[in-house]
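Values below: every heavy atom of this structure, side chains too, minus hydrogens, waters and symmetry copies.
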Amino acid sequence: MQQSKYNIVLNKDNIFLLYNNISGEVIIMGIDKYQEFLTNNLSENEKVVFQKRGFYVPDNFSEYDFLLARSKMNDIRSKTSKFRILTTTTCNANCFYCYEQGVKPFFMNEKVIDDTINFIIDNSKNSNNISIEWFGGEPLLNVNAIDRIVEGLKKSMKTNQYFYSNIVSNGSLITDEIAYKMKNTWNIKDVQITIDGVDDAYDKIKLIDSFTFKDIISKIQILIKHQIKVSIRVNYNQYNLKDIEKVIKFFSESEMKDDIHLYASKIFDFKQRNFYNLEEETIYVDRLLHQYGFTYGKDLLPKIMKQPCQANKIDYFTLNANGDVFKCDRKLLADDRIGHVSNFQHDLKKVYQWINPNLPEKCKDCVLMPNCCGGCIYDRINQLDYCYYTLDILKNRLSMVLEDYMKTRGHNL
């Protein structure tokens with residue numbers, strides 16, 4: 001046996017955290033046990049445990065080839081067809097970082113709605129589940145499209161298929177009636193709402209007419225009342241960290257804290273369509289989420305991905321409000337489309353670059369490969385050579401896991 005090249009080690013006061021970035025397993029041990037691991041002097045039973053958890057691998061075993069094979073198998077095993085549907089490209093907010101700046105406004109009309117229903121049914125025949133993400137623009141500006149598509153799917157889908165959805169919304173148009181539909185008709189499992197500031201800071205970013213931070217809080221309370229899961233997303237860059245901390249602190253002190261899922265994401269550079277280099281800021285925000293009680297223990301473990309993104313899946317499509325079909329919502333220009341819902345024929349050349357993208361050479365020896373699978377395919381297609389995830393970001397998360405353990409269990413093992 002040999003040690004996995006995806007092992008990552010942290011040491012604090014001779015307490016060692018050993019993490020494997022393929023299996024996601026963690027072992028915390030004292031210095032004596034760690035030395036036994038390094039020198040392969042564990043007991044036979046311990047060796048079996050360490051191997052099962054990924055820290056040892058057989059000699060001549062290629063973990064990189066295993067990762068590539070696992071990614072392909074994950075797609076083959078998928079039993080859910082997923083569709084991101086833009087009911088409209090219009091929005092009642094005007095966020096400065098919106099990726100749709102300059103995109104032509106469309107509302108999904110009746111003909112496109114009917115064609116969309118048929119497209120989804122035709123492209124989910126081999127799936128057990130149909131998953132839809134309502135997107136935009138602001139999807140609730142076109143409630144009719146959601147009503148019609150859901151009704152059409154329920155009438156046409158196979159009896160053994162299960163349908164569910166989630167929605168990305170600014171939340172401004174949520175009412176008790178809409179929340180009731182979400183729960184009982186649209187089968188919404190999660191509502192994602194972005195909040196990047198409190199009070200005036202929120203108002204200045206969203207620029208929604210006569211709609212304030214207090215209003216969005218009341219909308220979230222409506223969702224909670226209807227027992228709908230709410231995900232609060234905070235977008236950060238190098239300029240708004242103080243505002244982001246205020247948002248995190250606000251919800252940490254709110255009676256809603258246990259009813260929401262709050263997480264942070266980097267702001268896209270909509271001009272170049274790639275991530276800013278925000279390693280320092282990401283580490284800072286991860287610490288804030290930990291400090292204010294939104295992440296703890298295993299919640300902090302790095303996310304292991306089996307595919308770089310949804311667009312890599314054969315049965316994933318983004319449907320624009322005018323009926324154009326895409327693989328990625330970051331590429332919604334006419335030249336990027338792979339077909340139209342009215343008479344869909346794959347543009348195989350364009351599809352192939354998404355489902356079988358060239359992997360950067362640098363990824364073959366990178367310990368972070370399981371965390372990004374080569375990174376954003378959009379960036380690869382556009383030859384943007386940037387790693388948005390770094391070893392320091394990963395180690396910061398693991399260090400918080402170790403800190404939590406030591407606080408709970410003490411320093412001695």
Side-chain angles (χ1 to χ4, degrees), residues 91-101 138 168-172 191-221 223-224 230-296 299-300 302-303 386-401 403-404 407:
C91 188
N92 58 340
N94 192 27
C95 306
F96 71 90
Y97 52 75
C98 181
Y99 79 103
E100 283 193 343
Q101 291 196 18
E138 170 49 51
V168 178
S169 170
N170 61 41
S172 63
V191 178
Q192 178 192 299
I193 297 173
T194 299
I195 299 180
D196 303 324
V198 300
D199 298 326
D200 290 346
Y202 172 87
D203 303 345
K204 290 177 182 178
I205 291 172
K206 291 301 177 186
L207 295 175
I208 303 175
D209 187 37
S210 302
F211 190 81
T212 67
F213 179 74
K214 290 182 179 179
D215 293 325
I216 192 59
I217 298 304
S218 68
K219 302 296 187 179
I220 294 171
Q221 290 170 335
L223 294 172
I224 292 172
V230 181
S231 293
I232 305 297
R233 169 169 162 157
V234 293
N235 289 326
Y236 65 92
N237 60 18
Q238 61 267 57
Y239 305 114
N240 71 342
L241 294 180
K242 290 184 178 179
D243 287 333
I244 292 306
E245 180 169 6
K246 289 179 182 178
V247 174
I248 296 172
K249 184 175 185 293
F250 172 86
F251 282 104
S252 74
E253 297 172 348
S254 168
E255 61 182 13
M256 297 182 290
K257 180 180 179 180
D258 294 334
D259 297 309
I260 64 167
H261 167 61
L262 189 147
Y263 72 103
S265 184
K266 304 172 190 177
I267 292 177
F268 275 102
D269 177 354
F270 65 84
K271 293 181 180 178
Q272 296 187 14
R273 306 288 198 191
N274 66 334
F275 281 104
Y276 288 111
N277 183 358
L278 295 174
E279 177 184 77
E280 182 180 340
E281 291 81 2
T282 298
I283 290 172
Y284 177 77
V285 173
D286 280 347
R287 285 279 168 180
L288 285 178
L289 292 171
H290 183 242
Q291 173 188 338
Y292 285 103
F294 287 102
T295 54
Y296 178 83
D299 298 334
L300 293 158
K303 184 177 181 180
Y386 173 62
C387 294
Y388 61 88
Y389 196 73
T390 69
L391 188 57
D392 282 346
I393 291 173
L394 183 149
K395 285 187 173 180
N396 175 62
R397 283 179 162 263
L398 293 179
S399 69
M400 290 187 283
V401 174
E403 290 164 14
D404 286 345
K407 287 178 183 176

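- Counting only N and O atoms by type, the side chains of Ser265 and Arg233 include a donor and acceptor under 3.5 Å apart.
- The CD atom of Gln238 sits 8.5 Å away from the CD1 atom of Ile267 when rounded to the nearest 0.5 Å.
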Would you tabulate the side-chain donor-acceptor contacts of residues 253-261 under 3.5 Å, counting partners in other chains and residues two or more places apart, or write 'none'?
from: Glu253; atom 1: OE2; to: Lys249; atom 2: NZ; distance (Å): 2.7
from: Ser254; atom 1: OG; to: Met256; atom 2: N; distance (Å): 3.0
from: Lys257; atom 1: NZ; to: Tyr292; atom 2: O; distance (Å): 3.1

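- Atom CG of Leu300 sits about 9.5 Å away from atom CD of Glu403, to the nearest 0.5 Å.
- You'll find the side chain of Ile216 stays beyond 4.5 Å of the side chain of Ser172, heavy atoms only.
- Considering every non-hydrogen atom in both Val285 and Ala264, the closest pair reads CG1-CB, 3.4 Å.
- Under the 4.5 Å side-chain criterion, counting only non-hydrogen atoms from C-beta, Val247 is not in contact with Tyr236.
- You'll find the side chain of Val234 stays beyond 4.5 Å of the side chain of Tyr263, heavy atoms only.
- Considering only heavy atoms from C-beta on, Tyr284 stays 4.5 Å or farther from Leu278 through its side chain.
- By the 6.0 Å contact criterion, CD on Glu280 is open, its count of non-hydrogen atoms from other residues, nucleotides or ligands being 12 or less.
- For Ser231, the side-chain hydrogen bond (donor to acceptor under 3.5 Å, both in side chains) partners are Asp190, not counting sequence neighbours.
- The two residues Phe250 and Ile217 come nearest to each other via the heavy atoms CE2-CD1, 3.6 Å.
- When atom types are taken as modelled, the side chain of Arg397 and the backbone of Pro302 share no donor-acceptor pair closer than 3.5 angstrom.
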Name each donor-acceptor pair under 3.5 Å that joins a side chain in residues 196-209 to protein atoms two or more places apart or in another chain, with its distance.
from: Asp196; atom 1: OD1; to: Asn235; atom 2: N; distance (Å): 2.9
from: Asp196; atom 1: OD2; to: Tyr97; atom 2: OH; distance (Å): 2.4
from: Asp203; atom 1: OD1; to: Phe213; atom 2: N; distance (Å): 3.0

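- Side chains of Asp286 and Thr295: a donor-acceptor N/O pair is absent below 3.5 angstrom, by distance only.
- Side-chain contact check for Ile195 versus Phe251: some heavy-atom pair is nearer than 4.5 Å.
- Between Val191 and Val168, the closest side-chain pair of non-hydrogen atoms is not below 4.5 Å.
- Between the side chains of Ser218 and Asp215, no donor-acceptor pair is found at a separation under 3.5 Å.
- For Thr390, the side-chain hydrogen bond (donor to acceptor under 3.5 Å, both in side chains) criterion is met by Glu279, not counting sequence neighbours.
- The distance from atom CG of Leu391 to atom CG of Leu398, rounded to the nearest 0.5 Å, is 9.0 Å.
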In sequence, state the C-alpha distance, the side-chain angles, and the governing distance for Ile283 and Asp392, and then conclude on side chain to side chain contact (heavy atoms under 4.5 Å, CB included). CA-CA 8 Å; Ile283 290 172; Asp392 282 346; 4.1 Å; yes
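- Listed by chain and number, the residues in a side-chain hydrogen bond (donor to acceptor under 3.5 Å, both in side chains) with Asn396 are Arg287 (sequence neighbours excluded).
- Looking at His290 and Asp404, their side chains do bring a donor and an acceptor atom within 3.5 Å of each other.
- Here the rule is side chain to side chain donor-acceptor pair (under 3.5 Å) with Asn170, and of Lys219, Gln192, Glu138 only Glu138 fits it.
- Note: Ile248 CD1 to Ile232 CD1 = 12.0 Å, rounded to the nearest 0.5 Å.
- Residues passing the side-chain hydrogen bond (donor to acceptor under 3.5 Å, both in side chains) test with Asn240: none are found, sequence neighbours excluded.
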